[in-house]
Amino acid sequence: MAILEVKNLRKSFGATEVLKDISFTMEKGQVASIIGSSGSGKTTLLRCLNFLELPDAGQIIVGGETLFDAADPATQKERELRRKRLRFGLVFQNFNLFPQYTALKNVMLAMELLAKDKTADARNRRTPDEIEREAKALLDQVGLSNRMENYPWQLSGGQQQRVAIARALALKPEILCFDEPTSALDPELTGEVLRVIRSLKSSDRTMIIVTHEMAFARDVSDHVIFMDGGVIVEQGDPNAIINNPTQDRTIQFLSRFN
Amino acid sequence: MQLFFEQFPIVVRSLNVGFLQTLKLFFVTLIGAIPLGLVIALGSMSRVKPLSILSRVVVWIIRGSPLMIQLLIIFYFPGIVLGKPIWGGGEGGRFAAASAAFIINYACYFSEIYRGGIQSVPVGQEEAGLVLGMTKPQIFFHVKLSQVIKRIVPPMSNEIITLVKDTSLARIIALQEIIWAGQAFMKSSMGISGAIWPLFFTGVYYLACNGLLTLLFGWIERKLSYYKV
């Protein structure tokens with residue numbers, strides 16, 4: 001069964017239609033990369049999945065549960081959306097770490113707040129000890145066990161992004177989204193972040209990565225989606241799309257990278 | 001010179017009493033205006049149009065007119081125009097009227113500082129909180145508030161130092177603060193008459209008070225300098 005089904009998603013800002021009838025499905029444990037030029041709607045699509053934007057039309061179905069249906073206002077209540085957001089994680093292009101907290105506290109904060117929330121799922125009702133242990137394990141996983149007590153301004157961009165990844169993993173999202181995770185980094189810092197993302201691939205973690213790193217997209221993904229002008233022009237096997245695109249627009253876009 | 005040394009302790013005792021009233025007005029204004037400013041700031045930022053328009057009009061009127069006129073209107077308007085004196089006679093009534101005028105005036109200035117501080121927190125901070133499943137109040141208290149405080153300390157310290165000096169405007173409704181006490185010696189007070197130096201000497205009190213405040217705000221800024229926004 002598909003873990004994620006996106007059906008006929010549409011989103012406009014004013015008169016500009018940014019997403020035009022977007023549909024795709026993902027299986028559990030898959031990694032999908034979304035490629036395309038700036039303004040093609042990639043970021044808006046991720047923001048819709050995390051309910052930072054509400055689509056004007058379409059449905060978002062996770063594990064068979066309809067989380068969002070533009071035709072059904074009952075699925076759009078703010079309280080409900082907050083709970084539903086937890087099924088997704090999002091790593092931002094410019095990290096958005098909380099500057100006043102250490103790396104460790106950045107990872108712990110959401111877990112701590114959720115643990116106090118009486119309406120939260122049982123799996124989130126963790127004790128302070130468990131939370132600290134979990135956060136330290138996550139920072140260790142992204143290679144920052146010696147940076148836990150540093151504040152964001154004391155870390156390089158690559159380290160900050162790795163903290164942000166650990167923070168996103170803390171709430172154990174079913175689907176983890178990355179919005180151009182290396183676009184704000186120096187070329188020499190992108191490698192460490194891409195390595196961490198690659199290491200996260202596992203059978204029970206589904207990931208969607210918006211990226212301009214074509215070689216990375218080809219190597220790490222199970223599925224590639226090429227977007228242009230708010231529509232999915234072409235999608236399928238990464239090698240097929242990136243090495244042998246069939247659509248004119250895809251060929252034109254990829255020619256710049258080869 | 002000998003006369004000066006005879007006068008000095010008498011003058012200082014009288015100025016101390018006046019300065020106590022100055023400090024009382026200063027602290028009462030802070031206690032009232034700091035929270036009231038937040039209410040006005042939230043009003044200005046509200047998505048409810050009539051509320052935000054009302055808040056902004058109030059801020060425009062209060063910031064756009066002299067505090068001295070506001071003091072006079074608040075003190076005299078109820079009694080003289082409406083025929084309903086609400087402030088009572090004597091020093092207590094004058095203090096209450098001055099407090100009301102200062103609280104309203106400073107709350108409006110503070111509200112604009114708060115608004116600037118809140119709106120300068122990048123939208124990404126709120127979005128990061130949202131995708132981590134935080135509620136709006138959690139985002140405000142655990143993510144934004146510290147960053148807002150860090151940003152508003154310098155402009156708030158400016159405004160609060162101005163407040164120390166602005167309290168002297170309450171002289172216009174004869175509140176017996178330190179300027180009033182100093183001025184009294186120009187006519188006659190405590191057996192001293194025709195002396196202008198006590199009035200000049202009040203400046204030392206303001207300087208000392210603002211020196212302490214400068215140290216305090218410097219300390220707060222250093223406390224918050226462990227991170228960068």
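Note on naming: letters A, B, ... go to the chains in the order of the sequence lines (proteins, then strands), and numbering restarts at 1 for each one.
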Part of A:Leu81 lying under 4.5 Å from any heavy atom of chain B: neither
Please say whether more than 12 non-hydrogen atoms of neighbouring residues, nucleotides or ligands are located less than 6.0 Å from NZ in A:Lys28. no
In Å, rounded to the nearest 0.5 Å, how long is the span from CG of A:Leu113 to OG1 of B:Thr135? 7.5 Å
Nearest heavy-atom neighbours spanning B:Ala128 and A:Asn96: CB-O, 3.6 Å
In the structure I gave you, are the side-chain heavy atoms of A:Phe92 and B:Val131 within less than 4.5 Å of one another anywhere? yes
Mind ranking A:Leu97, A:Leu52, A:Leu171 by heavy-atom pairs under 4.5 Å with chain B and telling me who comes out on top? A:Leu52
Test log, rule salt bridge (Lys or Arg N to Asp or Glu O under 4.0 Å), inputs B:Glu127 and A:Arg47: CA-CA 10 Å; B:Glu127 291 181 348; A:Arg47 291 172 61 83; 2.8 Å; yes
Assess whether atom CZ of B:Phe141 is packed by more than 12 heavy atoms of other residues, nucleotides or ligands within 6.0 Å. no
If one checks every heavy atom of A:Arg167 against chain B at 4.5 Å, the contacting part turns out to be both
Is it the side chain or the backbone of A:Leu86 that comes within 4.5 Å of chain B heavy atoms, both, or neither? side chain
So, for B:Met134 and A:Leu109, which heavy atoms are closest and what is the spacing to 0.1 Å? CE-CD2, 3.6 Å
Tell me, side chain or backbone of A:Tyr101 under 4.5 Å from chain B's heavy atoms, or both, or neither? side chain
Heavy-atom contact with chain B under 4.5 Å, split by part of A:Leu90: both
Rounded to the nearest 0.5 Å, what separates atom CD in B:Gln138 from atom CD in A:Glu112? 11.0 Å
Donor-acceptor contact below 3.5 Å, side chain A:Arg82 vs main chain B:Gly133: yes
Give me the atom names and distance for the closest heavy-atom approach of A:Phe98 to B:Gln125. CD2-OE1, 3.3 Å
Shortest non-hydrogen pair, A:Trp153 vs B:Tyr227, comes out as NE1-CA, 3.5 Å
Would you say that more than 12 heavy atoms from the other residues, nucleotides or ligands in this model lie under 6.0 Å from the CZ of B:Phe27, or not? no
Check whether more than 12 heavy atoms from other residues, nucleotides or ligands sit under 6.0 Å from atom NZ of A:Lys201, and answer yes or no. yes
Qualifying residue for side chain to side chain contact (heavy atoms under 4.5 Å, CB included) with A:Pro99, from B:Lys228, B:Lys150, B:Gln147: B:Gln147
